[in-house]
Amino acid sequence: MSLRRIAVLVSGRGSNLRALVEHLDARGGLRSADVVLVASDRVDAGALAFARERGLPAEAVAMDDTHERSLGALLHHAAIDLVVLAGYVRRVPPSIVRDFAGRIVNVHPALLPSFGGAGMYGARVHRAVLDAGARLSGPTVHFVTDEYDRGAIIAQWPVPVFVGDNVERLAARVLRAEHALYPRTVDALAAGRVSLAPDGRVVGGLDLAAEDVAFTLVTDEETDSAHSIDQLFAH
Ligand code: GRF
């Protein structure tokens, strides 16, 4: 199968973009896709600078009334197969959500369907998790629909919430899990190992058991202790 063509939409620092590009690079000839376009609503997004450093086509798209048309044209001219939102904070225009149905995904930094919805991004998500007293959080990769954070869930990764956590520590722990989960999920989508059926259900999935990082709760780097879920359930 030919390599799928990915566009990544970004608004911020772009650590997920970097994780995806590095994952695909590391897979070499086994990779299923290439990032061929990075687009942002912000000219000063760190993610655009990273893309340019890596020689990837990087575009800032104006947020005026030409936005929907310009972004649509960029995606279509680059013959994009899969749209990956990585810290993109704008609503994706309806025509793009429609044209890429089943081929547009997002990563959210909490376990959906909790702690999502309009306005739930960045620190607010982790604040809400802490305020609710949840003991688990972690990233969710989901298909994008016209409702914020409500598209079908493709993959999740559990991350513990520790007593005494603050927003920064929890955000950093979840982000490390995102960097492991999102590239693998995108690779699986591009390879056709997971897809969205016409009835809205997700078919197939990420074979976490086959991954080297299978079922590991990602903990703080400084504690240097990754607990496997098997160990937790053994008690
Ligand atoms: C991540 O926390 C992701 O879950 C959310 O936005 C953040 C993006 O971070 N959607 P980065 O720009 O990829 O570093």
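Order of appearance sets the numbers: ligands from 1, and atoms from 1 within every ligand.
- Of all the atoms in ligand 1, the ones that sit under 4.0 Å from a non-hydrogen atom of P109 are 2 (O), 4 (O).
- In this structure, D34 does not pair ionically with R4, as no charged nitrogen and carboxylate oxygen lie closer than 4.0 Å.
- A donor-acceptor distance shorter than 3.5 angstrom exists from the side chain of R173 to the backbone of P160, with no hydrogens or angles considered.
- Here the protein heavy atom with the shortest distance to atom 8 (C) of ligand 1 is G87 CA, 3.4 Å.
- Screening residues 169-198 for ring pair (Phe, Tyr, Trp, His ring centres under 6.0 Å) gives no qualifying pairs among residues at least two apart or on separate chains.
- Taking OG1 of T140 as the start and CD1 of I154 as the end, the distance is 10.5 Å to the nearest 0.5 Å.
- The nearest protein atom to atom 12 (O) of ligand 1, hydrogens excluded, is given as G14 N, 2.9 Å; this is a heavy-atom distance.
- For H108, no nitrogen or oxygen atom sits less than 3.5 Å from a nitrogen or oxygen atom of ligand 1, counting backbone and side chain alike.
- Shortest contact from atom 9 (O) of ligand 1 to any protein heavy atom: R13 NH2, 3.2 Å.
- Applying the 4.0 Å criterion to heavy atoms of E178 picks out, from ligand 1, the atoms 1 (C), 2 (O), 3 (C), 4 (O).
- Electrostatic pairing of R5 and D81 does not count as a salt bridge here, judged by no charged N lying under 4.0 Å from a carboxylate O.
- Using a 4.0 Å cutoff on heavy atoms, A47 does not count as a contact of ligand 1.
- Note on residues 78-133: pairs passing ring pair (Phe, Tyr, Trp, His ring centres under 6.0 Å), not counting sequence neighbours, are H76-F100.
- Within the set L20, L17, N16, V107, the minimum heavy-atom distance to atom 13 (O) of ligand 1 is found for N16.
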